[in-house]
Amino acid sequence: MSQKPLPKSHPRFSSLSQRHALEAGVKDGITHPTGLIAFGRGEAFDYLLHEKTHPFAQKAIAKAAQEIRKAKNFVISVNGNTSALCPREIVQLARASGGKLEVNLFYRSEERIKKIISALKKSGAKKVYGLKDDARVSGLASDRAKISSKGIGSADLVLVMLEDGDRTEALRKAGKKVIAVDLNPLSRTARKASITIVDNVVRAIPLLTAELKKKGAKSDAAYNNKKILRQAEKAIRKG
Ligand code: PTJ
């Protein structure tokens, strides 16, 4: 459906722009139609968080940057929603972190993977894993189990965004650290991840890239993910 450009002065400009990015993603065959519903769930939490990055998310971002610096094989897992919402920002994060990109889908099809890889390449990505799956995440029934041995298969640290919870659990069981970006602090992904950034991906990913570029970032040995999730839940309840 063609429409007039959104006025930047609209109080919900950012949120509406994200909706339209996903609408285009569905039209282009990148985003699965149910991704719109998943986004709506996130949007409700974002509304309660006043669509801003809170200190608990900043803390998680700082810890995530620290873990990325230490990682031997950091992989960013990309799905249909994130590739429509913030492809350029994801590629910039891969560049700043030296991490690999891998497409991993719940509703897996070769056609969608190819389209997502091409969208990431248009945004500047060089190599993107995921089309050829030669390994599996054990204990996972869904197609998300299909991975590349050179990507997620050999990763020690994986970034997941907008996930269904069982993969995070299975990745942890496989001995990998997981950074999750999820607006819902009650989700299984949020609870099972090593570090949970409770924030919208469109804000969290550029902030993580900026954090990685900072020199002399200090280490925070006292990081406690359960505490971060409690703080996020409290902020949502307060509204
Ligand atoms: O592209 P595919 O085939 O891999 O399919 C992906 C979807 C998104 C359809 C699939 O992973 C899914 O159904 O996800 P869920 O189980 O609905 O979980 C999505 C989680 O992401 C929920 O906890 C939402 O609150 C959260 N979320 C939604 N939008 C955002 C978000 N978190 C951060 N930023 C967002 N913009």
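For ligands, and for the atoms within them, numbers begin at 1 and follow the listed sequence.
Every residue two or more places apart in sequence or in another chain was checked for a ring-ring contact (aromatic ring centres under 6.0 Å, His included) with Phe106, and none qualifies. Evaluation of the side chain to side chain donor-acceptor pair (under 3.5 Å) rule for Ser142 yields no partner, not counting sequence neighbours.
Membership of the apolar cluster around Val75 extends to Val137, Leu140, Ile147, Ile152, Val158, Val160, Leu171, Val178, as traced through chained side-chain contacts below 4.5 Å between ILVMFWY residues.
Glu163 places a side-chain heavy atom less than 4.5 Å from the side chain of Arg144. Looking at heavy atoms from C-beta onward, Glu51 lies in side-chain contact with Ser15 at the 4.5 angstrom threshold.
Judged purely by atom type and a 3.5 angstrom limit, Thr196 has no side-chain atom pairing as donor or acceptor with the backbone of Val198.
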One pair per line, please: each N/O atom of ligand 1 matched with every protein N/O atom under 3.5 Å away, atom names first, then the distance to 0.1 Å.
residue, atom, partner, partner atom, Å
ligand 1, 1 (O), Gly80, N, 2.9
ligand 1, 1 (O), Arg112, NH2, 2.8
ligand 1, 3 (O), Phe106, N, 3.4
ligand 1, 3 (O), Tyr107, N, 2.9
ligand 1, 3 (O), Arg112, NH1, 2.9
ligand 1, 4 (O), Phe106, N, 2.8
ligand 1, 11 (O), Arg144, NH2, 2.9
ligand 1, 11 (O), Leu162, O, 3.1
ligand 1, 16 (O), Arg41, NH2, 3.4
ligand 1, 17 (O), Arg41, NH2, 2.8
ligand 1, 18 (O), Glu163, O, 3.2
ligand 1, 23 (O), Asp182, OD1, 2.9
ligand 1, 23 (O), Asp182, OD2, 3.3
ligand 1, 32 (N), Leu183, N, 3.2
ligand 1, 34 (N), Val201, N, 3.1
ligand 1, 36 (N), Asn200, OD1, 2.9

